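Since the structure comes first, as structure tokens, the remarks are kept for the end.
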Amino acid sequence: MAALPAYNAGMNVDRAREISGRQDIARLASNENPDGCSPAVWAALTSPAFEPWRYADPACTLLKTALARKLAVGIDEIVIGNGSEEMIAAISRATLMPGAKVVTVAPSFGLHEIEPLAVGAQVVKVAMTAELGFDIPALEAAIVAGPRLVFLSSPWNPVGPALDRHALQRLIAATGPNTLFVLDEAYFEFGGSDMPDGLALMREAGVAHIILRTFSKAYGLAGLRVGYAVCSDAETARVVAAAKTPFNVNGAAQIAALAALDDEDWMLASVARLRAERQRVTEALRAIGLHTAPSHTNFVFLDAGRDSVELERRLLMQGILVKAWREPGFQNFVRATIGHRWENDRFLEALAP
Ligand SMILES: *Cc1c(COP(=O)(O)O)cnc(C)c1O
């Protein structure tokens, strides 16, 4: 079997400290929430209801029930994963045979390509436009061709924009009966009222679909690993669930996700702060002549106009961790998370001419 492309998980902070010789690293590489997580999560993790010595509920019943109520879907249509990354792997294993076709975009979220390749599928990547947007006519044509799976993130990691209602409707209309449309909404919360209701649009159109969401980004639980799949029907959910391990979501993760979901106010306040900061960073970048796509996420993607691995290295020596894009064709691009104000300021100062 040919070697798979490696997922670029970014540099560990201890390694960054060792290389740079600095302790105060600006952590802008992994799209984590700099605000941390809700205090309700801490309370839940130290409550007697959390019993680390017990196996947790393999069905994640309480969390699924809360999500089903929030999203107005059936409990049996939801699968909870050890992060949504596990769901990407499970979907690929459950639905793809060797040689099956998968459509995604370039630049891509690594796992949307790696997991299909790992099961022998063929991945077609539709490149972004020169304006750093989705190429809707090209995506439409690729989807009309009838791939087994479509993996699209919207808002788009690593580029930033979200599909608007009209664009999403066009892609849904292009989806045939043999295609499963996976819409990865890891950054949904950062889109705010600009986001179309992908779930409702897919359901109205009656296409086979899975919506992916996660607690890793806006809710600030990246280290605990909880994400989920909302499937178009119970049978799709059953097939995906069969491809995961039984006790995939640990007890701490289940209890923390429930508490986080119960404190939406904390998440909304954090998202509002980060959106304002994103606006400030975007404008400051523009002022120094660096163009970014309009971002609906907690990061910006920019053309550094030079080899990004070199820039990543230089920034690291100044105590800044960002992600240099290594995908062929996009090697001048850097993705930087919106962090604390001091982290963003250090990044902006380092880029200033
Ligand atoms: C971060 C991210 C994920 C993975 O999230 P986990 O739930 O932490 O596994 C999935 N998809 C996209 C597009 C992401 O950016």
Side-chain angles (χ1 to χ4, degrees), residues 7-10 27-34 36-37 41 60 63 67 78-93 102-116 123 125 128 134 149-163 181-191 195 198 209-230 240 243-245 248-250 252-254 256-257 260-261 267 271 274 278 293 295-301 322-323 325 327 330 333 335-339:
Y7 180 72
N8 176 11
R27 299 170 71 163
L28 307 180
S30 298
N31 301 343
E32 296 146 344
N33 190 330
C37 62
V41 168
C60 301
L63 182 54
L67 287 168
I78 299 177
V79 187
I80 314 284
N82 189 271
S84 51
E85 65 176 18
E86 188 201 17
M87 294 291 94
I88 296 168
I91 292 164
S92 300
R93 272 208 302 276
V102 175
V103 167
T104 190
V105 279
S108 66
F109 177 60
L111 299 176
H112 292 170
E113 180 181 16
I114 295 167
E115 297 297 351
V123 180
K125 297 206 274 183
M128 68 179 181
F134 288 98
L149 276 186
V150 176
F151 267 125
L152 282 186
S153 61
S154 177
W156 185 356
N157 182 7
V159 185
L163 289 164
F181 196 137
V182 183
L183 186 64
D184 185 341
E185 295 186 329
Y187 301 92
F188 178 81
E189 295 83 1
F190 296 103
M195 290 297 295
H209 63 267
I210 296 178
I211 308 278
L212 295 177
R213 299 262 182 95
T214 181
F215 286 92
S216 296
K217 309 285 164 54
Y219 291 95
L221 300 184
L224 284 172
R225 318 301 306 123
V226 208
Y228 56 96
V230 184
V240 171
K244 68 175 189 62
T245 55
N248 59 331
V249 187
N250 71 67
Q254 291 190 38
L261 206 56
M267 182 276 287
V271 163
L274 293 169
R278 175 179 81 200
S295 173
H296 286 83
T297 65
N298 63 340
F299 57 81
V300 290
F301 190 58
V322 296
K323 202 179 251 198
W325 218 255
E327 201 171 347
F330 304 94
F333 284 85
R335 194 194 67 194
T337 306
I338 302 301

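First listed ligand is number 1; within each ligand, the first listed atom is number 1. Just so you know, these numbers come straight off a predicted model, no measurement behind them.
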(message) If I take atom CG from residue Leu183 and atom NE2 from residue His209, how far apart are they, to the nearest 0.5 angstrom?
(response) 9.5 Å
(message) Distance check, rounded to the nearest 0.5 Å: Glu85 atom CD versus Tyr7 atom OH?
(response) 7.0 Å
(request) Validate the cation-pi geometry between Arg335 and Phe299: distance from NZ or CZ to the six-membered ring centre under 6.0 Å, angle to the ring axis within 45°. (result) yes
Could you tell me which atoms of ligand 1, counted from 1 in the order shown, lie closer than 4.0 angstrom to a heavy atom of [X]?
X	result
Ala186	2 (C), 11 (N), 12 (C), 14 (C)
Gly83	6 (P), 7 (O), 9 (O)
Asn157	13 (C), 14 (C), 15 (O)
Ser216	6 (P), 7 (O), 8 (O)

(request) Evaluate the ring planes of His112 and Phe109, with Trp represented by its six-membered ring, and classify them as parallel (under 30°), tilted (30 to 60°) or perpendicular (over 60°). (result) perpendicular
(request) May I ask you to decide if Ile80's main-chain N or O and Asn248's side chain share a donor-acceptor pair within less than 3.5 Å? (result) yes
(request) May I ask you to decide if Ile338's main-chain N or O and Asn298's side chain share a donor-acceptor pair within less than 3.5 Å? (result) no
(message) If the contact criterion is a heavy-atom separation under 4.0 Å, does Tyr187 count as touching ligand 1?
(response) yes
(request) Say whether Asp184 and ligand 1 are in contact under the criterion: heavy-atom distance to a ligand atom below 4.0 Å. (result) yes
(request) Classify the contact between Ser84 and ligand 1 as side chain, backbone, both or neither, using a heavy-atom distance cut-off of under 4.0 Å. (result) both
(message) Nearest non-hydrogen contact with atom 3 (C) of ligand 1 belongs to which option: Arg225, Lys217, Glu85?
(response) Lys217
